[in-house]
Number of protein chains: 2
Amino acid sequence: MAADTRRRTDTRSEIQRVALTRFTQDGYDKTSLREIAEDLGVTKAALYYHFRTKEDILESLVTDVGASIEELLTWVQSAPSTRERRVEMLRRLATLARGGVGDMMRCVQQNEVALAALPRTVDLVHRYKDDLWRACMPPEATLEDRLRARVAIMTVLVANRGTADLGGTDDERSETALRIASDVMP
Amino acid sequence: MAADTRRRTDTRSEIQRVALTRFTQDGYDKTSLREIAEDLGVTKAALYYHFRTKEDILESLVTDVGASIEELLTWVQSAPSTRERRVEMLRRLATLARGGVGDMMRCVQQNEVALAALPRTVDLVHRYKDDLWRACMPPEATLEDRLRARVAIMTVLVANRGTADLGGTDDERSETALRIASDVMP
DNA sequence: GTCTATACGAGGATAGAC
DNA sequence: GTCTATCCTCGTATAGAC
């Protein structure tokens, strides 16, 4: 329990932790590397040992979210899309948003514009927002069906961010949003 | 019709025009003043004659949108809120989004995060997104009613941006979104 | 009244010493 | 694995030409 050989330099994950908070709170562009470095008690250049660019820090967060979405996507595509399965997809998405990757999802949503400028992650973000409804909508679906699917997904996600002023607990808002989304989903 | 005394130095509105395009396309933070200046064939410093800061350029765009929303808000508050009036509000909002201020609304939505950092405009943006539903929802409305109102407004606005991949013409998408939004609105 | 020239501090980024 | 020194571009600001 005394001094051990355990390296305490998980600097990389420390950087991710601080960046996640800052990026979500102040936005990606308004967060400077100097701030992140000072929060950790290191210099700017130290960050550049662990990440090639500032964008890479954001990208590393997106990748983690992408993995979860990827799982969900695989499940969606594992069987023909029925209304029951589409509603179940919304439920699983809501669970993700409230779980461990919820913070990262908030960060990604908050910094959508910044993400669009990152060539490597732009595909992931598309998966994250587009492929979900694309996977559950047949090509011959009407425009209204497609728009409804998108609004439904958006409803679940928006409950995860920026609706605290509506009152109720996080869980209440999440449940309510899920109910509305299921109602909208074709 | 020949040469007249009309000053062709509407540089101020030219700056706004170019900035509107750039801010919407590349995002506020990724757009540099040098780019805007070069597009217009002037120097950076010239921009500073017409606008005190870069933020002021964005703010000038927001203010124009704010005026339109303000009108709509006044109408909403001019009579007790019935469902018919709430649906009519959505219709008017959709009309705004397709009309002359549509481009500015897209720009404002795109740069929501950047806007949040501008002290003077943060109130306007809140009006723009929050006060609309607040004005049409009685305080004793249920959480679901309030969330539904917000989703309805969001649906109309989102049709104005980033749904081109769903197919159909702009008008078709706008009409369809309005139908869905009316359906969701309590 | 409108713009150019020029400079300053802060930001992201790189090279290389330790 | 961490830091110093350095570079370029950015937003900002001012002095002064026309």
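Below, chains carry the letters A, B, ... as their sequence lines are ordered, and counting in each starts from 1. Only heavy atoms go into these numbers, but all of them, side chains included; no hydrogens, no water, no symmetry mates. Since this is a predicted model, take the numbers as computed values, not measurements.
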Checklist entry - Of all residues at least two apart in sequence or in a different chain, which pass the side chain to side chain contact (heavy atoms under 4.5 Å, CB included) check with B:A97? => result B:M105, B:N160

Next on the checklist: Please say yes or no: joined through hydrophobic side-chain contacts below 4.5 Å, possibly via intermediate residues, are A:Y48 and A:V18 part of one cluster?
Outcome noted: yes

Checklist entry - Just to confirm, is there a sub-4.0 Å distance from OP1 or OP2 of D:dA13 to any side-chain nitrogen or oxygen of B:Y48? => result no

Item to check | Spacing of A:D10 atom CG relative to D:dG1 atom P, expressed in whole Å | outcome: 11 Å

Next on the checklist: Tell me the interatomic distance from B:D56, atom CG, to D:dG11, atom C1', rounded to whole angstroms.
Outcome noted: 13 Å

Checklist entry - With respect to the phosphate group of C:dT2, does any side-chain polar atom (N or O) of B:Y49 fall under 4.0 Å of OP1 or OP2? => result yes

Review item, side-chain donor-acceptor pairs of residues 36-44 of chain B, under 3.5 Å, at least two apart:
residue: B:E38; atom: OE1; partner: B:R34; partner atom: NH1; Å: 3.4
residue: B:E38; atom: OE2; partner: B:R34; partner atom: NH1; Å: 3.3

Next on the checklist: Does anything in residues 175-184 of chain A form a salt bridge (charged side-chain N to carboxylate O under 4.0 Å, His left out)? List the pairs, not counting sequence neighbours.
Outcome noted: A:R179-B:E144, A:D183-B:R148

Checklist entry - For residues 20-47 of chain A, which residues have at least one heavy atom under 4.0 Å from DNA chain D? => result A:V42, A:T43, A:A45, A:A46

Checklist entry - Once you round it to whole Å, what is the distance between P of C:dA15 and CZ of A:R52? => result 12 Å

Checklist entry - Hey, does the side chain of B:H50 come within less than 4.0 Å of C:dG1's phosphate (OP1/OP2), counting only N and O? => result no

Item to check | Gap between atoms NZ and P, on B:K54 and C:dA10 respectively (whole Å) | outcome: 18 Å

Next on the checklist: For residues 11-43 of chain A, which residue pairs pass the ring-ring contact (aromatic ring centres under 6.0 Å, His included) check, not counting sequence neighbours?
Outcome noted: A:F23-A:Y28

Only distances under 3.5 Å count here; give the side-chain donor-acceptor pairs of residues 70-78 of chain A to other protein atoms, sequence neighbours excluded, each with its distance to 0.1 Å.
residue: A:E70; atom: OE2; partner: A:R127; partner atom: NE; Å: 3.4
residue: A:T74; atom: OG1; partner: A:E70; partner atom: O; Å: 2.9
residue: A:S78; atom: OG; partner: A:W75; partner atom: O; Å: 2.6
residue: A:S78; atom: OG; partner: A:R85; partner atom: NH2; Å: 3.2

